[in-house]
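What follows is a single structure, written as structure tokens, with notes after it.
Hydrogens, waters and symmetry mates play no part in the numbers below; they use all other heavy atoms, side chains included.
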Amino acid sequence: RKPGSAPLHARMQGKQSNLVPPRADGEHLIHISKALRGAMSLAVPCSVELLLQLTAQLQNHMQRELKPQVSGAPPPMVKLPARFFRDVSVGSPLQHILQLTCERLHSKKLSLGNGPDVDTKAILQLLADIERRLVSLGLLSWPRVCFAEGFDTQEATR
């Protein structure tokens with residue numbers, strides 16, 4: 001790497017997406033809000049303020065519901081990459097995340113909040129559906145794990 005140049009992963013990220021730091025006023029979500037208005041025919045459109053609130057609540061629920069369990073059992077699924085919540089370009093994973101969330105909110109199948117009456121199963125179902133949609137769109141993929149010939153997986157799990 002040349003002195004003074006950004007690391008390769010930082011240079012590559014800039015070419016693939018529009019990473020913008022979140023702003024408290026939600027202005028970074030204007031383009032996604034406009035795209036969602038065009039893609040969804042909702043009685044109440046998803047405003048920038050609502051999208052900002054949904055983004056924060058989804059991240060909070062992901063941290064709370066998908067943290068490692070005290071019992072040592074694995075969480076029900078893995079967390080979505082944090083970079084998905086910073087990419088505010090139209091067609092980005094964040095747009096698809098927010099679109100599915102808005103659809104659920106408007107169909108009354110989901111209620112996001114931070115109180116004790118939050119439906120954890122509905123949130124986990126939403127996160128699983130978001131994961132499936134992102135995988136089907138090719139925006140999220142799972143790592144491929146290869147084992148050397150003769151590797152005994154039964155022995156490794158003991």
Side-chain angles (χ1 to χ4, degrees), residues 7-146:
L8 179 61
H9 68 277
R11 286 182 279 159
M12 293 302 290
Q13 276 185 334
K15 293 186 185 337
Q16 296 174 353
S17 61
N18 182 19
L19 295 178
V20 176
R23 294 175 43 142
D25 62 2
E27 191 168 319
H28 61 289
L29 295 171
I30 287 176
H31 297 296
I32 288 180
S33 177
K34 289 178 182 176
L36 287 178
R37 278 190 208 125
M40 301 170 64
S41 57
L42 301 172
V44 179
C46 289
S47 66
V48 172
E49 294 80 17
L50 177 64
L51 296 181
L52 184 64
Q53 183 181 11
L54 291 178
T55 302
Q57 287 179 340
L58 273 175
Q59 288 177 308
N60 288 339
H61 284 295
M62 230 179 13
Q63 291 298 326
R64 187 172 37 254
E65 305 302 333
L66 301 179
K67 66 183 175 190
Q69 306 297 315
V70 175
S71 65
M77 59 182 286
V78 297
K79 296 176 189 172
L80 296 171
R83 65 183 157 81
F84 284 3
F85 293 92
R86 292 189 310 263
D87 183 355
V88 296
S89 55
V90 174
S92 68
L94 181 58
Q95 178 181 343
H96 296 285
I97 290 167
L98 291 173
Q99 181 174 351
L100 190 57
T101 305
C102 285
E103 288 170 359
R104 294 285 169 85
L105 284 173
H106 287 290
S107 68
K108 307 287 188 223
K109 292 182 182 177
L110 178 70
S111 172
L112 284 179
N114 293 320
D117 58 335
V118 172
D119 186 358
T120 303
K121 289 182 181 180
I123 291 171
L124 289 175
Q125 184 60 48
L126 170 68
L127 291 171
D129 292 344
I130 288 171
E131 180 182 276
R132 274 193 292 281
R133 181 177 286 184
L134 294 176
V135 167
S136 72
L137 293 169
L139 297 170
L140 178 66
S141 60
W142 300 114
R144 294 186 181 158
V145 179
C146 300

Quick one: closest heavy-atom pair of [X] and [Y], and the distance?
X: Leu80; Y: Met62; answer: N-SD, 3.3 Å
X: Arg104; Y: Leu126; answer: NH1-CA, 3.7 Å
X: Ser89; Y: Gln95; answer: O-OE1, 4.4 Å

Answer whether the closest heavy-atom distance between the side chains of [X] and [Y] falls below 4.5 Å.
X: Leu58; Y: Ile123; value: no
X: Pro81; Y: Leu140; value: yes
X: Thr101; Y: Ile130; value: yes
X: Leu94; Y: Phe84; value: no
X: Asp87; Y: Pro93; value: yes
X: Val78; Y: Glu131; value: yes

Worksheet item: Applying salt bridge (charged side-chain N to carboxylate O under 4.0 Å, His left out), which residue pairs with at least one partner in residues 70-80 are found, sequence neighbours left out?
Response: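 Pairs touching residues 70-80 that pass the test: none.
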Once you round to the nearest 0.5 Å, how far does [atom1] of [X] lie from [atom2] of [Y]?
X: Leu98; Y: Glu103; atom1: CG; atom2: CD; result: 11.0 Å
X: Ser92; Y: Ile32; atom1: OG; atom2: CD1; result: 4.0 Å
X: Thr55; Y: Arg86; atom1: OG1; atom2: CZ; result: 13.0 Å
X: Lys67; Y: Gln63; atom1: NZ; atom2: CD; result: 10.0 Å

Worksheet entry | Which residues share a side-chain contact (heavy atoms from CB on, under 4.5 Å) with Ala56, sequence neighbours left out |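 If we apply the side-chain contact (heavy atoms from CB on, under 4.5 Å) test to Ala56, skipping adjacent residues, there are no hits.
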Practice prompt. Quick one: list whatever passes side-chain contact (heavy atoms from CB on, under 4.5 Å) with Leu137, sequence neighbours left out.
Written response: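 With sequence neighbours excluded, Leu137 shows a side-chain contact (heavy atoms from CB on, under 4.5 Å) to His96, Arg133, Leu139, given in chain and number order.
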Practice prompt. Just jot down the side chain to side chain donor-acceptor pair (under 3.5 Å) partners of Ser33, sequence neighbours excluded, or say none.
Written response: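 Ser33 satisfies side chain to side chain donor-acceptor pair (under 3.5 Å) with Arg37 once adjacent residues are dropped.
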Item to complete: Identify, with sequence neighbours excluded, every residue that meets side chain to side chain donor-acceptor pair (under 3.5 Å) alongside Gln125.
Response: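 With neighbours one apart ignored, the set is Asp129.
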Fill in: Test side-chain contact (heavy atoms from CB on, under 4.5 Å) applied to Val88 and Ile30, step by step
CA-CA 9 Å; Val88 296; Ile30 287 176; over 6 Å; no
Worksheet item: Step by step, would you call Ile97 with Leu54 a side-chain contact (heavy atoms from CB on, under 4.5 Å)?
Response: CA-CA 10 Å; Ile97 290 167; Leu54 291 178; over 6 Å; no
